Participant: 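Quick one: the structure is below, questions incoming.
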Amino acid sequence: MTYVVTDNCIACKYTDCVEVCPVDCFYEGTNMLVIHPDECIDCGVCEPECPADAIRPDTEPGMEQWVTFNREYSEKWPVIITQKDPLPDAEARDGETDKLEKYFKPEPGTGG
Ligand code: SF4
Ligand code: F3S
């Protein structure tokens, strides 16, 4: 089992989640984070920290695509262990539909 970051992180990127992860398994893209599914120890402490409710356990229905997505990008993006300011439009974008199609950027973030 693992936890994964899902589409409501996109264009929000609050980053509250990274401060609580005991194994530092969050990775940063330009406008979202992902979790490395092989490094996550399923502790669950990050899930309630996300203001956008974007972190889900892979036991929920429909999560297979997000496990694949999190694995793919965690191998391409730098690790992030320090909280940063949310993206400027975070509040406005929180809860929008089709964020993957509308806003996702595959380029790496700066990490740190
Ligand atoms: Fe890190 Fe625990 Fe969240 Fe996995 S469930 S990403 S180990 S805080
Ligand atoms: Fe994203 Fe939520 Fe973390 S919006 S950066 S998963 S706190």
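As the structure is a computational prediction, the values presented were derived from the model and not from experiment. Indexing begins at 1, ligand by ligand and atom by atom, following the structure's order. Start at 1 with the first residue, then count along the sequence.
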Participant: Which residue supplies the protein heavy atom nearest to atom 2 (Fe) of ligand 1, what is that atom called, and how far is it?
Facilitator: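 The answer is Cys43 SG, 2.2 Å.
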
Participant: Is it true that some N/O/S atom of Cys46, main chain or side chain, lies under 2.8 Å from atom 3 (Fe) of ligand 1?
Facilitator: yes

Participant: For atom 4 (Fe) of ligand 1, grab the closest protein heavy atom and report residue, atom and distance to one decimal in Å.
Facilitator: Cys40 SG, 2.3 Å

Participant: Where is the tightest heavy-atom contact between Pro51 and Asp94, given as atom of each residue plus distance?
Facilitator: O-OD2, 3.9 Å

Participant: Verify the neighbour count for atom CD of Glu60: are there more than 12 heavy atoms of other residues, nucleotides or ligands below 6.0 Å?
Facilitator: yes

Participant: Between Cys17, Pro86, Ala11, which one has a non-hydrogen atom sitting closest to atom 7 (S) of ligand 2?
Facilitator: Cys17

Participant: At what distance is the nearest protein heavy atom to atom 7 (S) of ligand 1, and which residue and atom is it?
Facilitator: Ile41 N, 3.4 Å

Participant: Please check if the side chain of Lys84 supplies one atom and the backbone of Gly111 the other of a donor-acceptor pair under 3.5 Å.
Facilitator: yes

Participant: Between Trp77 and Pro106, which heavy-atom pair has the shortest distance, and what is it?
Facilitator: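 Heavy atoms only, the tightest pair is NE1-O, 3.0 Å.
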
Participant: Just to verify, which of Asp7, Thr6, Asn8 counts as forming a side chain to side chain donor-acceptor pair (under 3.5 Å) with Lys99?
Facilitator: Asn8

Participant: Would you tell me which option among Gly44, Pro37, Cys21, Cys25 has the nearest heavy-atom contact to atom 5 (S) of ligand 1?
Facilitator: Gly44

Participant: Using a 4.0 Å cutoff against the non-hydrogen atoms of Pro22, which atoms of ligand 1 qualify?
Facilitator: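 Once the distances to Pro22 are compared, the set is 8 (S).
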
Participant: Tell me the closest heavy-atom pair linking Tyr3 and Ile35, and the distance in Å.
Facilitator: O-CG2, 3.4 Å

Participant: Considering only heavy atoms of Val45, which atoms of ligand 1 have at least one such atom less than 4.0 Å away?
Facilitator: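 With Val45 as reference, the close atoms of ligand 1 come out as 8 (S).
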
Participant: Heavy-atom contacts with Ile35 under 4.0 Å: which atoms of ligand 1 show up? List them by number with element.
Facilitator: 6 (S)

Participant: Counting only heavy atoms, tell me which of Thr15, Val20, Ile55, Asp16 gets closest to atom 5 (S) of ligand 2.
Facilitator: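 Nearest heavy atom to atom 5 (S) of ligand 2 lies in Thr15.
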
Participant: Check each atom of ligand 2 against the heavy atoms of Tyr14 and keep those under 4.0 Å away; list them by number with element.
Facilitator: 4 (S), 5 (S), 7 (S)

Participant: Can you name the atoms of ligand 2, numbered from 1 with element, that are less than 4.0 Å from a heavy atom of Leu33?
Facilitator: 5 (S)

Participant: Using a 4.0 Å cut-off to any heavy atom of Val23, which atoms of ligand 1 qualify?
Facilitator: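 Result: 7 (S).
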
Participant: So, is Cys50 placed with an N/O/S atom under 2.8 Å from atom 2 (Fe) of ligand 2, counting both backbone and side chain?
Facilitator: yes

Participant: In terms of side-chain geometry, is the basic nitrogen of Arg93 or Glu96 positioned less than 4.0 Å from the acidic oxygen of its partner?
Facilitator: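 Answer for the salt bridge query: yes.
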
Participant: To check your reading of the model: name the closest protein heavy atom to atom 1 (Fe) of ligand 2, its residue, and the distance in Å.
Facilitator: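 So the nearest neighbour among protein heavy atoms is Cys9 SG, 2.4 Å.
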
Participant: Leu33 and Thr15: which non-hydrogen atoms are nearest, and at how many Å?
Facilitator: CD1-CG2, 4.4 Å

Participant: Which heavy-atom pair separates Val67 from Thr2 by the least distance, and what is that distance?
Facilitator: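 Closest approach of Val67 to Thr2, heavy atoms only: CG2-CG2, 4.3 Å.
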
Participant: By number and element, which atoms of ligand 1 are closer than 4.0 Å to a non-hydrogen atom of Phe26?
Facilitator: 6 (S)

Participant: Do Val5 and Tyr27 come within less than 4.5 Å of each other through their side chains, counting heavy atoms only?
Facilitator: no

